[in-house]
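Here is the naming used below: chain letters follow the sequence lines, and residue numbers restart at 1 for every chain.
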There are 2 protein chains.
Amino acid sequence: MLDALGDPTRRAILETLRTGGPCSVGVLAERVPVSRPAISQHLKVLGAVGLVQHESRGTRNIYRVHQAGLGELRSWLDQFWGDALQAYADHVRQTEEERK
Amino acid sequence: MLDALGDPTRRAILETLRTGGPCSVGVLAERVPVSRPAISQHLKVLGAVGLVQHESRGTRNIYRVHQAGLGELRSWLDQFWGDALQAYADHVRQTEEERK
DNA sequence: TTGCTCGGTTAGTGGCAACTTACCGTTCGT
DNA sequence: ACGAACGGTAAGTTGCCACTAACCGAGCAA
């Protein structure tokens with residue numbers, strides 16, 4: 001998930017799909033400065049983690065961003081946020097007690 | 001930001017700081033299966049993007065997760081989410097009109 | 001069917017980044 | 001002041017991954 005978002009090219013693909021709406025692989029290859037096979041490989045990765053969804057229309061595949069992956073990221077972030085605050089509070093309390 | 005979160009070892013460091021609370025570099029090196037210099041380098045990266053904060057206490061540096069970076073990630077995610085929905089709605093409306 | 005376009009797959013290469021080893025500055029205890 | 005512990009930095013190596021070139025299958029039009 002975060003591994004998928006770690007690559008700048010994959011983020012550029014997502015950005016293109018976000019701002020321009022769903023489009024085909026060929027169009028993506030025109031807008032993102034890498035070859036078409038590279039686009040395919042990145043779309044495979046993005047699809048595996050649920051960040052992208054595709055729909056066959058004739059010979060061309062239309063890709064769009066998929067909210068499922070974004071939702072997973074959001075819940076992960078919320079959990080991380082809460083736990084970090086909790087752990088920090090615990091740590092403060094613990095060091096307070098050690099000071100006594 | 002997302003580049004920093006793209007590395008598994010860095011996520012392990014954050015996970016350790018999250019669950020165990022703030023701790024020193026040496027302790028982190030014990031809990032995460034990499035050498036101490038590697039920990040230092042990763043902490044440098046995490047600190048550069050505001051995901052981690054450190055505080056010198058004697059010779060040892062205590063690191064903890066910093067909410068600033070998490071907040072930035074959250075706002076980015078929220079914006080991305082909204083724009084994706086908007087772009088999708090636009091695309092649906094556009095294809096509807098093309099169908100006529 | 002034949003030709004054409006679109007796109008996924010494979011093989012191979014190059015570059016980057018994560019890791020370790022060695023070194024050095026800093027700070028505390030004795 | 002001396003030694004030890006802690007941690008950041010430099011240099012060097014290795015492994016992985018992003019990329020391209022070449023190939024192949026699938027669907028549409030003539």
Side-chain angles (χ1 to χ4, degrees), chain A residues 1-18 20-66 69 91 95 98-99, chain B residues 1-18 20-66 69 91 95 98-99:
Chain A
M1 172 77 233
L2 283 168
D3 297 278
L5 286 172
D7 184 68
T9 305
R10 281 195 283 267
R11 288 201 298 272
I13 291 175
L14 281 178
E15 197 79 6
T16 304
L17 289 177
R18 186 194 72 171
C23 68
S24 66
V25 178
V27 174
L28 277 175
E30 291 173 359
R31 302 186 183 177
V32 179
V34 291
S35 69
R36 192 188 46 70
I39 299 285
S40 274
Q41 292 161 8
H42 284 308
L43 286 173
K44 191 176 181 181
V45 175
L46 289 172
V49 296
L51 279 172
V52 150
Q53 212 177 11
H54 71 99
E55 166 194 5
S56 297
R57 186 164 303 183
T59 75
R60 65 189 66 182
N61 281 354
I62 309 296
Y63 280 82
R64 67 165 147 265
V65 302
H66 193 208
H91 179 261
T95 48
E98 285 175 355
R99 189 157 303 176
Chain B
M1 172 75 233
L2 283 167
D3 297 279
L5 287 171
D7 183 69
T9 305
R10 279 195 285 268
R11 288 201 297 273
I13 291 175
L14 280 178
E15 197 80 4
T16 304
L17 289 177
R18 186 194 73 171
C23 69
S24 67
V25 178
V27 173
L28 277 175
E30 291 174 357
R31 302 187 184 177
V32 179
V34 290
S35 69
R36 191 187 46 70
I39 299 285
S40 273
Q41 292 159 8
H42 284 308
L43 286 174
K44 191 177 182 181
V45 175
L46 289 172
V49 297
L51 279 171
V52 149
Q53 211 177 12
H54 71 100
E55 166 195 5
S56 296
R57 186 164 303 183
T59 75
R60 64 189 69 183
N61 282 354
I62 309 296
Y63 281 81
R64 66 164 142 268
V65 302
H66 192 209
H91 180 260
T95 47
E98 285 176 355
R99 190 158 302 177

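Side chains of B/Leu43 and B/Asn61 form no contact here, defined as non-hydrogen atoms less than 4.5 Å apart.
Phosphate contact (OP1/OP2 of C/dG7, side-chain N/O of A/Lys44, threshold under 4.0 Å): absent. Using a 4.0 Å cut-off, some side-chain N or O of B/Ser24 falls inside it from OP1 or OP2 of D/dG7. Put simply, B/Tyr63 has no side-chain N or O that comes within less than 4.0 Å of OP1 or OP2 on D/dC6. For A/Asn61, no side-chain nitrogen or oxygen approaches OP1 or OP2 of C/dC6 to under 4.0 Å.
Contacts of B/Asp7 classified as side-chain hydrogen bond (donor to acceptor under 3.5 Å, both in side chains), with partners at least two apart in sequence or in another chain: none. Considering only residues two or more places apart in sequence or on other chains, B/Glu30 meets the side-chain hydrogen bond (donor to acceptor under 3.5 Å, both in side chains) condition with none of them.
Contact detail for B/Ser40 and B/Val25: the closest heavy-atom pair is OG-CG1, 4.1 Å. Taking each heavy atom of B/Leu51 and B/Ala4 in turn, the nearest pair found is CD1-CB, 4.4 Å. Across all their heavy atoms, A/Pro22 and A/Ile62 have their closest contact at CB-CG2, 3.9 Å. The minimum heavy-atom distance linking A/Met1 with A/Val49 is given by the pair N-CG1, 3.7 Å. In this structure, A/Leu17 and A/Tyr63 approach most closely via the heavy-atom pair CD2-O, 3.5 Å.
A salt bridge (Lys or Arg N to Asp or Glu O under 4.0 Å) check over residues 36-55 of chain B, counting only residues at least two apart or in different chains, returns the pairs B/Glu55-B/Arg57, B/Glu55-B/Arg64.
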So which protein N/O to nucleotides 17-24 of chain D N/O distances come out below 3.5 Å?
from   : atom 1 : to      : atom 2 : distance (Å)
D/dA18 : OP2    : A/Arg10 : NH1    : 3.3
D/dA18 : O5'    : A/Asp7  : OD1    : 3.4
D/dC19 : OP1    : A/Thr9  : OG1    : 2.7
D/dC19 : OP2    : A/His42 : NE2    : 2.3
D/dT20 : OP2    : A/Ser35 : N      : 2.6
D/dT20 : OP2    : A/Ser35 : OG     : 2.5
D/dT20 : O4     : A/Gln41 : NE2    : 3.3

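Here the C1' atom of nucleotide C/dA18 and the CD1 atom of B/Ile13 are 11 Å apart, to the nearest Å. Atom CG in B/Leu43 sits about 14 Å away from atom C1' in D/dT9, given to the nearest Å. One can place CG of A/Leu28 at 9 Å from P of C/dG7, the figure rounded to the nearest angstrom. The CG-C1' distance, from B/Leu5 to C/dA18, rounds to 16 Å in whole Å. Atom pair B/Glu30:CD and D/dA5:P shows a separation of 14 Å (rounding to whole Å applied). B/His54 places its NE2 atom 18 Å from the P atom of D/dC6, with the value rounded to the nearest Å. The CZ atom of B/Arg60 sits 18 Å away from the C1' atom of C/dG25 (whole-angstrom rounding).
A donor-acceptor pair under 3.5 Å is formed between the side chain of B/Arg11 and the backbone N or O of B/Leu5.
Using five terminal pairs a side, the axes of the helix from C/dT1-D/dA30 to C/dT30-D/dA1 at its two ends make an angle of 30°, given in steps of 10 degrees.
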- Message: How would you summarise protein contacts on nucleotides 25-30 of chain D per nucleotide, using B for base, S for sugar-phosphate only and - for none, with heavy-atom distances below 4.0 Å?
- Response: --SS--
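Applying the side chain to side chain donor-acceptor pair (under 3.5 Å) test between A/Arg10 and each of A/Gln41, A/Glu15, A/His42 identifies A/His42 as the sole match.
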